[in-house]
Amino acid sequence: EVQLVESGGGLVQAGGSLRLSCAASGFTFDDYVIGWFRQAPGKEREGVSSISLTDGTRYYVDSVKGRFTISSDNAKNTVYLQMNSLKPEDAAVYYCAADPYNTVVAVKDESAWDSWGQGTQVTVSS
């Protein structure tokens, strides 16, 4: 059974940084693509970034390019999302998702992902 557990959320001031973690189990880590999504109150869930654990290909949506960095530690079965220069509009519940068949651009379509974590809250104060 695929399990994804997010951690690292919290309260940070605008301009600050957080690093989110997505710990994965129950599948062959290297065969998957992992995506990060977020959902703010009253808004639809949106894709943020993704990484292919097979070849390291990365994708970022325009709103986070240059501020967020996705990485993986395959030995720890963990994907990270380093978030710098945080803005109030980055506040949301952040989720990671996994799928063995997606390409990284599938982060644009949440329906394309099989397995989801429970989410971690990120709050950015202005």
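Since the structure is predicted, the reported quantities are computational estimates derived from the model, not experimental observations.
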Closest heavy-atom pair and its distance - Trp113, Ala106:
NE1-O, 2.8 Å
Leu4 versus Gln118, closest heavy-atom pair with distance
O-OE1, 3.6 Å
Which distance, rounded to the nearest 0.5 Å, do you find between the [atom1] of [X] and the [atom2] of [Y]?
X: Gln82; Y: Leu18; atom1: CD; atom2: CG; value: 8.5 Å
X: Glu6; Y: Gln121; atom1: CD; atom2: CD; value: 12.0 Å
X: Ser115; Y: Ile34; atom1: OG; atom2: CD1; value: 8.5 Å
X: Leu81; Y: Ser72; atom1: CG; atom2: OG; value: 12.5 Å

Any [X] side-chain heavy atom under 4.5 Å of [Y] side chain:
X: Phe29; Y: Val79; answer: yes
X: Val107; Y: Phe37; answer: yes
X: Ser17; Y: Asn84; answer: yes
X: Glu46; Y: Val61; answer: no
X: Ser49; Y: Arg58; answer: no

All pairs passing side-chain hydrogen bond (donor to acceptor under 3.5 Å, both in side chains) where residues 19-37 contributes a residue, at least two apart:
Asp30-Asn74
May I have all residue pairs that pass salt bridge (Lys or Arg N to Asp or Glu O under 4.0 Å) and include part of residues 93-114, sequence neighbours excluded?
Arg45-Glu110
Run the side-chain donor-acceptor check on residues 89-96: report pairs under 3.5 Å with partners two or more places apart or on a different chain.
residue	atom	partner	partner atom	Å
Asp90	OD1	Arg38	NH1	2.9
Asp90	OD1	Arg67	NH2	3.0
Asp90	OD2	Arg67	NH1	2.7
Asp90	OD2	Arg67	NH2	3.4
Asp90	OD2	Lys87	N	2.8
Tyr94	OH	Arg38	NH1	3.0
Tyr94	OH	Asp90	O	2.6

Out of curiosity, does Val48 fall in the hydrophobic cluster containing Val12 (side-chain heavy atoms, cut-off under 4.5 Å, transitive links)?
yes
Side-chain heavy atoms under 4.5 angstrom apart, residues restricted to Ile, Leu, Val, Met, Phe, Trp, Tyr: same cluster for Ile51 and Phe68?
yes
Taking side chain to side chain contact (heavy atoms under 4.5 Å, CB included) as the test, write out the residues that go with [X], two or more places apart.
X: Lys65; result: Tyr60, Asp62
X: Thr103; result: Val105
X: Val104; result: Val33, Ser50, Ser52, Thr57, Tyr59

